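Taking it in order: structure first as structure tokens, then the write-up.
Heavy atoms only: backbone and side chains are in, while hydrogens, waters and symmetry mates are out. Whatever order the structure lists them in is the order used to number ligands and atoms, beginning at 1. A quick note: this is a predicted structure, and the numbers were derived from the prediction, not measured.
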Amino acid sequence: MDLTEARERAGALDAADDLAPIRDRFQLPDGLVYLDGNSLGALPAAVPAAVDDAVTRQWGRDLIGSWNTNGWWSAPARVGAALARLVGAEADEVLVADSTSVNLFKALVAAARLRPGRNTLVIEPGNFPADLYIAGSVAELLGLQVRRVDPREVAGVLDDDVALVSFSQVDYRTGRAYDMAATTAVVQAAGALMVWDLSHSAGAMPVDLTGCGADFAVGCGYKYLNGGPGAPAYVMAARRHHATMSQPLTGWTGHARPFEMEGDYEPAPGIDRMRCGTPPMLSLLALEAALSAFDGLSMLQVRGKSLSLTRLFLELADEFLAPVGFTPVTPRPDEERGSQVSLRHAEAYGVVQALIARGVVGDFRAPDLVRLGFAPLYVRHVDVVEAVVRTLAVIEAGEHKDPRYAVRAPVT
Ligand SMILES: Cc1ncc(COP(=O)(O)O)c(C=O)c1O
């Protein structure tokens, strides 16, 4: 296949794509190939009006009454219920609040406290740094020992000392997807609890928290869920744990009767006990509007599009990019892949910057990965080909060697 044939094939795939019209639910700059929706999702078209209403009418006119009249107080659980469908949880099991790091802290401590007498916390060595750091802090606070193991080898470390296991469904670096159902089953069979980080899967592929019987889960609101920069995250707790779980950030909004202003803490009965402080209303309402981009879509359909995009990219990467120094590190079997493809390259940072200069936005992950995310709601097959064409142009012209790229920006 040459690149002209690749363009024709991509055009035909887009013409036959049921999700193609969904791109109109987003505002994207003309001509830009945006392959960073796994880091910051694109702007959903419904968001500007929702934020304008939140600022001008709700805050500007209705002022503090909005906590009651505009549903601000109940928004964390309401937006959680809307999000629950996307992660295969029940509506009353998900709460939108805080950041993923903070929610992970709450979930890990809550899980550990449900398994008193067990003193080991298992995590994966390649997880996102926040997950590793938070797990380390939880272990220190609770006197647990940490074991790091590849999720595929978890069975080998499970014993009756393991209180909980915390993995990501999709690896943020390589894009490798793990088998949530099988992993959860083996962990729970050993008497431990399972906590999932869904940051790199929710919104791009089906997640079935109920089906796999997960105990807790967390994830970002600003990646494939498109909630905007710094959007609040979510935390899921299985209903069977609601009455007994005890999370450590006992802020006043998670109290059973917050406006009684009592001197002692009593947790709210349901998922609301995961609340801590006052919710960031503007961001929360932006995320609520953003979720409407998923209206009427089945996550199986979304997964089909995602796989079609990453399959095409991998095929073209093998043919055109491998000969010029790129090594794909993302697994080939569909079931082992999320919605991104990562390529190893000796000068990956320069490649990413030169690509951005050519209108293809991906990102760099140390030490040597070019990471490209294929958000299935708005990325097209023609964008996949365009990314390959412009990467070849960068390499041929040596643009990635530009001295400007010798110094890294704070955000890579
Ligand atoms: C897998 C994973 N977990 C946790 C986080 C941290 O999220 P936050 O910065 O919202 O706490 C990220 C951020 O990119 C992530 O990718």
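Shortest contact from atom 16 (O) of ligand 1 to any protein heavy atom: His200 NE2, 2.7 Å. Summary of contacts: the protein heavy atom closest to atom 14 (O) of ligand 1 is Lys223 NZ, 2.7 Å. When only non-hydrogen protein atoms are considered, atom 4 (C) of ligand 1 lies nearest to Asp131 OD1, 3.4 Å. Looking only at protein heavy atoms, the nearest one to atom 11 (O) of ligand 1 is Ser101 OG, 2.5 Å.
The distance from ligand 1 to the heavy atoms of Ser99 drops below 4.0 Å at these ligand atoms: 10 (O), 11 (O).
The shortest N or O to N or O distance between Asp197 and ligand 1 is below 3.5 Å. At under 3.5 Å, a nitrogen or oxygen of Tyr222, whether backbone or side chain, sits near a nitrogen or oxygen of ligand 1.
Contact annotation: for Ser39 versus ligand 1, there are no heavy atoms closer than 4.0 Å. Neither the backbone nor the side chain of Leu104 has any atom closer than 4.0 Å to an atom of ligand 1 (non-hydrogen atoms only). By the criterion of a heavy-atom distance under 4.0 Å, the side chain of Ser199, and not its backbone, is placed next to ligand 1.
Within the structure, ligand 1 lacks Ala233 among the residues with a heavy atom less than 4.0 angstrom away.
Remark: of the listed residues Glu399, Glu386, Gln353, Glu399 is the sole one forming a side-chain hydrogen bond (donor to acceptor under 3.5 Å, both in side chains) with Arg358.
For the pair Glu315 and Arg332, the salt-bridge criterion is not met [side-chain N within less than 4.0 Å of a carboxylate O]. Using a cutoff of 4.0 Å between basic side-chain nitrogens and carboxylate oxygens, Asp14 and Arg380 are not scored as salt-bridged.
Sorted by first then second residue, the ring pair (Phe, Tyr, Trp, His ring centres under 6.0 Å) pairs that include residues 326-372, not counting sequence neighbours, are Phe326-His345, His345-His400, Tyr349-Phe364.
Taking the centre of each ring, Phe259 and Trp67 stay at or above the 6.0 Å mark.
The shortest distance between side-chain heavy atoms of Leu108 and Val195 falls below 4.5 Å.
With no hydrogens or angles considered, a side-chain donor-acceptor pair links Thr56 and Asp52 at under 3.5 Å. Using a 3.5 Å distance cut-off with no hydrogens or angles, the side chains of Ser168 and His200 do not pair a donor with an acceptor.
Among Phe105, Tyr133, Tyr172, Phe128, the residue whose heavy atom lies closest to atom 12 (C) of ligand 1 is Phe128.
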